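Contents: one structure, followed by commentary.
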Number of protein chains: 2
Amino acid sequence: MPIERSTYKDHVVKYIYDGMRENRYKAGEKILESHLAKELGISRAPIREALADLVRSGLLEYKPQVGNFVTSLSSIDLIDSYIARGVLEGFAVAQGIDSFTEEELKQLEEMAHKMGTFARDGKHKALIDIGQEFHEKLFSHCTNGQVVLFTEQLSLKLHLLFYKHWARVYSPKEICDRHLELIDAVRKKDPVLLEQVIRSHYFDTGLKIVEQEKTNINTMKGITDDN
Amino acid sequence: MPIERSTYKDHVVKYIYDGMRENRYKAGEKILESHLAKELGISRAPIREALADLVRSGLLEYKPQVGNFVTSLSSIDLIDSYIARGVLEGFAVAQGIDSFTEEELKQLEEMAHKMGTFARDGKHKALIDIGQEFHEKLFSHCTNGQVVLFTEQLSLKLHLLFYKHWARVYSPKEICDRHLELIDAVRKKDPVLLEQVIRSHYFDTGLKIVEQEKTNINTMKGITDDN
DNA sequence: ACCACCCATAATGTCGACAATCTACAATCT
DNA sequence: AGATTGTAGATTGTCGACATTATGGGTGGT
């Protein structure tokens, strides 16, 4: 089943990305170039370029002369990434704090309430989508291209590796309240406070996901030794 | 003159990087794969990988079906990059603010004074080197791998594209004073103040470099129309 | 003289094959 | 038996050539 034409590399990137979303690649697993090449009916050259791209975005890790492996973030890496995102997004939103209109804030509030509702109704997909939209809107006033770039990079990585957790780490009420808190901080036009709120938002989320992962592992494999 | 063995890609990356440092590639210029291949006596495959790597670090820009071009940052991009670096480094240093020993602070002060001296004596190379070292030391207490990664990425890009300016945008006394100011902020153990100081440090630098570039262009080409 | 179209040229995108290197298993030695 | 070394298979790194696409100049028409 060969791919549509345009430039193979991008297709391959998307193919692997989707594969990771559908859990067809497990963390730490090795990705074989020749395997993909046969699977997609193309040569190894575009495959290699795609893999290099994914290494660049942090989704794969590369060992010279050995191969590419699906990134498995340690707890430390995970929390670091969430912290970094908090720092960047905090700055981004704070920088544009004055350009938010009351109408936008109302929209954001509405979205926060919707998120609570979706969470209560177990509509995880809708919850995740609107969560993404919420943060994009918050972020939309940032004019700093470099900050946007880094944040998108982090967002991509974290979204892919941990979007399954998002709906479970907070209770529906918590989800709604935490996002309303962000909006209030924007309303107060206090950049320092706002940055602090956003940073702790992401820091807490990172921590909770790590905790949940740990308990998951324990319940799945029985209580193993903690190396 | 083929290259030493180990893995060609890295050698090619270094080759192009050095070439940019020595101004052998002008901003906006197109990089031809085949030229490099002949120049280094190897095939195009590792060249392509190296170019893709440089695109990732922001040193080159890539247009599909067209080629790779030496990045030429607009004034906006340049300032954005300096701001982003200020945000990241500010957080990094603030995060480790409590782990600085008095001995380290003394070393940093000594370095700041040396920088002033080097600037006065016109030792630009030494000034740049010790400046790098200063910021590395400030940065060394940051345990967040993600933040370190982004900052190094920015540092690489900015260093390469603008290290020629560093020695000229501030007077010797300003150089020394501004860095002493940073150290004082660390001493005060006030993370918020520290972040603010570091941010404005980079913001000012970005602004000054942009200004200097503009006057350079005007004096070199005569007063041209401003498109 | 100017514009549109076509073609030659050259550069990138892709390919299949070979070379260098790593991994795993088996044979040998202590 | 355990450890070490050697070898075979598989995988990545590199190569040269072909296919496809952008670019520039020239030709013809208005």
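In what follows, chains are A, B, ... by sequence order, proteins preceding strands, each numbered from 1. Since the structure is predicted, the reported quantities are computational estimates derived from the model, not experimental observations.
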Quickly work out the [X] [atom1] to [N] [atom2] distance and round it to whole Å.
X       : N      : atom1 : atom2 : answer
B:Asp10 : D:dT12 : CG    : C1'   : 14 Å
B:Lys30 : C:dA11 : NZ    : P     : 7 Å
A:Glu33 : C:dC22 : CD    : P     : 15 Å
A:Glu49 : C:dT14 : CD    : C1'   : 9 Å
B:Ile42 : C:dA20 : CD1   : P     : 15 Å
B:Ile47 : C:dT12 : CD1   : C1'   : 14 Å
B:Asn68 : C:dT12 : CG    : P     : 7 Å
A:Arg44 : D:dG16 : CZ    : P     : 16 Å

>> Could you tell me if A:Arg24 sits above the aromatic ring of A:Tyr15, with its cationic atom closer than 6.0 Å to the ring centre and no more than 45 degrees from the axis?
In response: yes

>> Strictly below 4.0 Å: does A:Ser43 bring a side-chain N or O up to OP1 or OP2 of C:dT14?
In response: no

> Think B:Tyr8 has a side-chain N or O under 4.0 angstrom from the OP1 or OP2 of D:dT12?
Replying inline: no

> Looking only at heavy atoms, what is the nearest atom pair of A:Gly206 and A:Leu78, with distance?
Replying inline: O-CD2, 4.4 Å

> What's the shortest heavy-atom distance between A:Lys137 and A:Phe100, and which atoms?
Replying inline: O-CE2, 4.1 Å

Using the side-chain heavy atoms of [X], tell me which of these nucleotides is nearest: [options].
X       : options                : result
B:Pro46 : C:dC15, C:dA11, D:dT14 : D:dT14
B:Val66 : D:dC15, D:dG13, D:dA22 : D:dA22
A:Arg48 : C:dT14, C:dA11, D:dG13 : D:dG13

> Can you check whether B:His135 and B:His201 have ring centres sitting under 6.0 Å from each other?
Replying inline: yes

> Of all residues at least two apart in sequence or in a different chain, which pass the side-chain hydrogen bond (donor to acceptor under 3.5 Å, both in side chains) check with A:Arg44?
Replying inline: A:Glu33

>> Can you tell me the base-pairing partner of C:dT30? Count Watson-Crick or G-U wobble geometry only, both distances below 3.5 Å, and say none if there is no partner.
In response: D:dA1

> Heavy atoms under 4.0 Å, any strand shown: does A:Leu51 hit a base, just sugar-phosphate, or nothing?
Replying inline: nothing

